2 protein chains.
Amino acid sequence: MSKSLPAVITTLERAGGFASAQEVFQLMRKQGKPTGLATVYRALQKAATDNTVDVIRKDDGEALYRLCATGHHHHLVCTSCGKTVEVEGSAVEKWANSVAKNNGFKKVSHVVELFGLCQKC
Amino acid sequence: MSKSLPAVITTLERAGGFASAQEVFQLMRKQGKPTGLATVYRALQKAATDNTVDVIRKDDGEALYRLCATGHHHHLVCTSCGKTVEVEGSAVEKWANSVAKNNGFKKVSHVVELFGLCQKC
DNA sequence: AATGATATTGATAATCATTATCATTTTATG
DNA sequence: CATAAAATGATAATGATTATCAATATCATT
Ligand SMILES: [Mn+2]
Ligand SMILES: [Mn+2]
Ligand SMILES: [Zn+2]
Ligand SMILES: [Zn+2]
């Protein structure tokens, strides 16, 4: 997976924020760089496992991707206005790994999202 | 929505940990309380908006529901066989609260779930 | 009880993101 | 160039979720 990955990432970059695989697919078509849907999915998945993009899920379960400048991190989201703050989670990473080890689990991933009310709300 | 909701919740309770809508549907069938799939979905969605159940998403996007425990805790779930271990998260609680305070957020809640492969799998 | 209004149910079909196939094309390698 | 290996993409299959809508159950009023 090599020829298409850069083009997909570039498209995601131009998209600005979050974009679904389907949206990236459509954008590439409009930009004159049509690419197979399966290839778009493969590229985004690869980028996700490489931690070069973040993945979140809409309420309906659809995956949204975003170029990830800083590496793995989590989100603090205002439940009222939607304001989102990216937060570091090294403490959580360590905790997750130790919990996994203590229970004999391998290849552990985690979902960590924080919700609350921002200052304005 | 009333007749089916209690039965769905009871089934979710018996399931122990997390269960998908499809699993609840199958369980109710086996327990001699067959209920329509659409009804199961409706009941779980209602319970979710009422905050009587938690909703998380597997890596593949499938929604998992869990009866809101009386005592707050998290889960370590095997993505292969579904084995679930309840884990303490005081370290995460502290982290979440400090992150919230640093960003001026109030009434912070969090979703923290761990996924991996258990020893058998 | 009987009637009509309203809400719930569930079998079934439709939706749609994601994944699997697999033939074709491209790239790597000697 | 010749061959093998990897990437691509058109297409079909999968499967969870949602939409329909006719049949039932529940409620309210006479
Ligand atoms: Mn993390
Ligand atoms: Mn917690
Ligand atoms: Zn806010
Ligand atoms: Zn397992």
Side-chain angles (χ1 to χ4, degrees), chain A residues 1-12 15 17-66 107 109 111, chain B residues 1-12 15 17-66 77-82 84 111 113 115 117:
Chain A
M1 181 172 310
S2 175
K3 177 78 170 348
S4 59
L5 186 51
V8 169
I9 295 302
T10 297
T11 301
L12 191 57
F18 285 104
S20 68
Q22 301 282 350
E23 288 170 341
V24 170
F25 171 70
Q26 298 294 350
L27 279 175
M28 295 186 76
R29 164 165 298 202
K30 291 178 183 171
Q31 293 176 17
K33 293 244 175 190
T35 307
L37 182 58
T39 300
V40 173
Y41 271 101
R42 283 188 287 245
L44 289 174
Q45 280 162 182
K46 178 68 158 42
T49 60
D50 290 349
N51 289 316
T52 60
V53 302
D54 280 334
V55 187
I56 64 172
R57 300 233 170 227
K58 291 199 298 184
D59 282 346
D60 67 358
E62 186 179 6
L64 297 182
Y65 304 84
R66 173 186 60 173
K107 294 188 179 179
S109 63
V111 173
Chain B
M1 179 165 322
S2 175
K3 178 77 169 356
S4 59
L5 187 52
V8 169
I9 296 301
T10 297
T11 301
L12 191 57
F18 287 105
S20 68
Q22 301 283 351
E23 288 170 340
V24 170
F25 171 70
Q26 298 294 350
L27 279 175
M28 294 187 77
R29 166 164 296 203
K30 290 178 184 171
Q31 292 176 15
K33 292 245 177 188
T35 306
L37 181 58
T39 300
V40 173
Y41 272 100
R42 283 189 287 246
L44 289 174
Q45 281 161 183
K46 179 64 160 41
T49 59
D50 290 350
N51 288 314
T52 60
V53 302
D54 284 332
V55 186
I56 64 171
R57 299 227 170 234
K58 289 200 300 185
D59 283 345
D60 67 357
E62 185 179 7
L64 298 182
Y65 305 84
R66 144 186 88 170
V77 185
C78 177
T79 54
S80 177
C81 71
T84 300
V111 173
E113 302 298 339
F115 301 92
L117 281 176

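Here is how names work: the chains are called A, B, and so on, in the same order as the sequence lines, proteins then strands, and each is numbered from 1. Since the model is a prediction, treat every value here as computed from it, not as a measurement.
- Per the geometry, NZ belonging to B:Lys46 stands 16 Å off C1' belonging to C:dT9, to the nearest Å.
- The shortest heavy-atom contact between A:Arg57 and B:Lys58 is NE-O, 4.2 Å.
- We find that CZ of B:Arg42 is positioned 8 Å from P of C:dG10, with the value rounded to whole Å.
- Taking the side chain as every heavy atom from C-beta outward, A:Leu12 and A:Tyr65 approach each other to under 4.5 Å.
- In this structure, A:Val40 and A:Ala21 approach most closely via the heavy-atom pair CG1-O, 3.7 Å.
- Residue contacts for A:Ser20: at a heavy-atom cut-off of 4.0 Å it reaches no nucleic acid atom on any strand shown.
- Distance B:Asp59 CG to C:dA17 C1': 16 Å, rounded to the nearest Å.
- Across the interface with DNA chain D, nearest-nucleotide mapping of A:Leu5 and B:Gln22 shows A:Leu5 to be the residue nearer the 5′ end.
- Among pairs with a residue in residues 17-57 of chain A, none fulfils ring pair (Phe, Tyr, Trp, His ring centres under 6.0 Å), at least two apart in sequence or across chains.
- Open room surrounds CG on A:Asp59; 12 or fewer heavy atoms of other groups in view lie less than 6.0 Å from it.
- Atom CG in B:Asp60 sits roughly 9 Å away from atom C1' in C:dT18 (whole-Å rounding).
- Pairing partner, D:dT30: C:dA1, with both Watson-Crick or wobble hydrogen-bond distances short of 3.5 Å.
- Residues B:Glu62 and B:Glu23 fail the side-chain proximity criterion, which asks for heavy atoms closer than 4.5 Å.
- In this structure, OH of A:Tyr41 is placed 13 Å from P of C:dC16, rounded to the nearest angstrom.
- For A:Leu64 and C:dA17, the CG to C1' distance is 12 Å, given to the nearest whole Å.
- In terms of position along DNA chain C, the nucleotide closest to B:Thr35 lies nearer the 5' end than the nucleotide closest to the other residue of the pair B:Thr35 and A:Arg57.
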So B:Val53 and B:Ile9, side chain to side chain contact (heavy atoms under 4.5 Å, CB included) or not? Walk me through it.
-> CA-CA 9 Å; B:Val53 302; B:Ile9 296 301; 4.1 Å; yes
Which pairs, protein N/O on one side and nucleotides 23-30 of chain C N/O on the other, fall under 3.5 Å?
none

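- Close approach of DNA chain D to chain A, defined as any atom under 4.0 Å from a non-hydrogen atom of the protein, starts and stops at D:dA7 to D:dA10.
- In this model, the phosphate group of C:dT18 is not approached by any side-chain N or O of A:Gln45 to a distance below 4.0 Å at OP1 or OP2.
- Residues A:Gln22 and A:Leu37 form a side-chain contact, since some pair of their non-hydrogen atoms from C-beta on lies under 4.5 Å apart.
- If you check every strand for non-hydrogen atoms under 4.0 Å, B:Glu23 touches nothing.
- Contact between A:Met28 and A:Ala7 at its shortest, heavy atoms only, is CE-CB, 3.7 Å.
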